[in-house]
Amino acid sequence: MADKPAIRSTTGRGKLFQSILDTVGDTPTIRINNLAPDHVTIYVKAEFFNPASSVKDRLALNIIEEAERTGALSPGQTVIEASSGNTGIGLAMVCAQKGYPLVVIMPESFSVERRKLMRMLGAKVVLTPRAEKAYGAYRKAVELAEAKGWFLAHQFETKANADIHESTTGREIVNDFADARLDWFVTGFGTGGTLVGVARVLRRERPEIRIVLSEPANAQMIGSGIEQRRTPDGAPLVSHSAWEPHPIEGWAPDFIPLVLQEGIDSRFYDEVIPIAGAEGVKWARALAQKEGILTGISGGSTFGVARQIADRAPAGSVILCMLPDTGERYLSSPLFETIEDEMTAEERDLSRSTPSAQYAAGD
Ligand code: PMP
């Protein structure tokens with residue numbers, strides 16, 4: 001019989017944090033216990049432990065602090081960015097703490113809770129039409145930045161993006177697996193910052209680790225092999241021809257970002273595995289219901305790919321999968337479509353099965 005668990009105790013982090021910004025990073029790597037096949041071990045890196053609940057807190061903080069270091073951003077200057085939500089939310093947290101006004105440009109297609117979170121954190125949110133895709137939001141941000149003299153965060157092009165993943169995310173992985181086997185690292189891409197920053201470290205320090213890049217099955221820009229056309233400064237010139245609308249929010253904008261181009265040119269991944277949005281939703285629900293791990297559709301999609309690798313991996317293999325954000329960011333999205341807010345028939349039966357505090361609504 002298994003040992004009964006002892007009462008748990010904790011000791012605190014041993015320091016007083018001077019700002020919310022000091023809590024960014026150092027996210028835990030967590031073992032999967034119920035959803036991995038018996039012959040392999042899967043770990044997830046849970047980025048929803050960041051203070052604004054996504055991997056993009058890292059980049060948001062570094063973009064602003066890099067601009068402060070170089071003088072590109074002056075005190076009180078307005079910051080502007082085009083974002084599918086998580087970068088906007090991360091920037092809103094950083095700008096609130098540091099006192100910069102923030103304007104986020106976002107296509108209307110992303111979940112409404114994203115807009116509300118940014119506004120709650122003090123940012124302004126300017127929506128762009130769904131038909132104009134991520135590229136349209138990007139153009140709008142460039143235009144407004146030029147017209148108003150605002151600081152454009154440039155997440156898709158800036159060096160500050162992959163650099164912070166090299167000095168934090170990648171470093172954390174290498175340290176957490178210092179004495180442990182790791183065979184595969186699995187990630188998707190939005191800007192490509194996570195892939196490029198982590199891969200710089202792994203290729204250098206753990207070259208035996210295979211890196212898998214995933215993208216939506218109906219928007220295989222990398223799989224197509226078709227190059228992105230760019231302006232001389234690396235920005236996209238047109239929407240990529242292999243792109244189609246997909247439900248994996250935060251993944252694959254309708255162009256291959258310059259940040260990701262370094263990953264393509266440096267062969268920072270060994271394999272590209274596509275996954276359908278519906279599979280990602282399925283695995284995000286499974287992670288919630290079988291592991292108690294609440295992540296978004298991109299996390300579910302990355303996990304779905306990790307599971308495919310697990311099925312064919314030799315016994316004893318170890319796989320690490322990125323979970324970029326929290327499932328709470330998707331209450332109005334297909335992820336929660338089948339989750340009721342009224343009582344189900346079974347719950348009503350339970351309510352009626354004893355006399356007190358019966359709730360009649362929904363009958
Ligand atoms: N998943 C979600 C939900 C995201 O918001 C993002 C970033 N847009 C990613 C994955 C991908 O991260 P990266 O930009 O580092 O490639």
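Numbers here are sequence positions counted from 1. Ligands are counted one by one from 1 in listed order, and the atoms in each one are counted from 1 as well.
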- Message: Tell me if the aromatic rings of Y100 and F151 count as close, with their centers under 6.0 Å from one another.
- Response: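 No, the ring centres sit 6.0 Å or more apart.
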Mind checking whether [X] contacts ligand 1 via backbone (N, CA, C, O), side chain (CB onward), both or neither, at a 4.0 Å heavy-atom cut-off?
X	value
D325	side chain
E249	backbone
Y330	side chain
T191	both

- Give the C-alpha distance, both sets of side-chain angles, the deciding distance and a yes or no for salt bridge (charged side-chain N to carboxylate O under 4.0 Å, His left out) between R307 and E279. CA-CA 11 Å; R307 270 295 318 238; E279 276 287 293; over 6 Å; no
- Identify whether the distance between the nearest side-chain nitrogen and carboxylate oxygen of D26 and R13 falls below 4.0 Å.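 Result for this pair is no, no salt bridge flagged.
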Please state which protein non-hydrogen atom is closest to [atom] and give its distance, to 0.1 Å?
atom	result
atom 7 (C) of ligand 1	K56 NZ, 3.0 Å
atom 15 (O) of ligand 1	T194 OG1, 2.5 Å
atom 5 (O) of ligand 1	N86 ND2, 2.9 Å
atom 16 (O) of ligand 1	G190 N, 2.7 Å
atom 2 (C) of ligand 1	S298 OG, 3.5 Å

- Should P324 be counted as touching ligand 1, given the test is an N or O pair under 3.5 Å?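 In this structure, P324 places no N or O atom under 3.5 Å from an N or O of ligand 1.
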- Applying side chain to side chain contact (heavy atoms under 4.5 Å, CB included) between E166 and each of V201, V198, N161, report the one that passes.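 Option passing the side chain to side chain contact (heavy atoms under 4.5 Å, CB included) with E166: V201.
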- Task: Using atom types as modelled and distance alone, determine if a side-chain donor or acceptor of Q77 lies under 3.5 Å from a backbone N or O of S74.
- Result: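 Side chain of Q77 to backbone of S74, a donor-acceptor pair under 3.5 Å: yes, one is there.
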- Heavy-atom nearest option to atom 9 (C) of ligand 1, drawn from G250, G197, S54: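 When every heavy atom of G250, G197, S54 is considered, G250 comes closest to atom 9 (C) of ligand 1.
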- Query: G192 heavy atoms, cut-off 4.0 Å: which ligand 1 atoms fall inside?
  - Reply: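 Near G192, the atoms of ligand 1 are 13 (P), 14 (O), 16 (O).
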- Query: How long is the span from the OG atom in S241 to the CG atom in D254, to the nearest 0.5 Å?
  - Reply: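 If we round to the nearest 0.5 Å, S241:OG and D254:CG are 11.0 Å apart.
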- Roughly how far apart are N62 CG and Q155 CD, rounded to 0.5 Å?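 Those atoms lie 13.0 Å apart.
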- Message: Between N175 and E172, does the side chain to side chain donor-acceptor pair (under 3.5 Å) criterion hold? Intermediate values first, please.
- Response: CA-CA 5 Å; N175 287 344; E172 291 163 27; over 6 Å; no
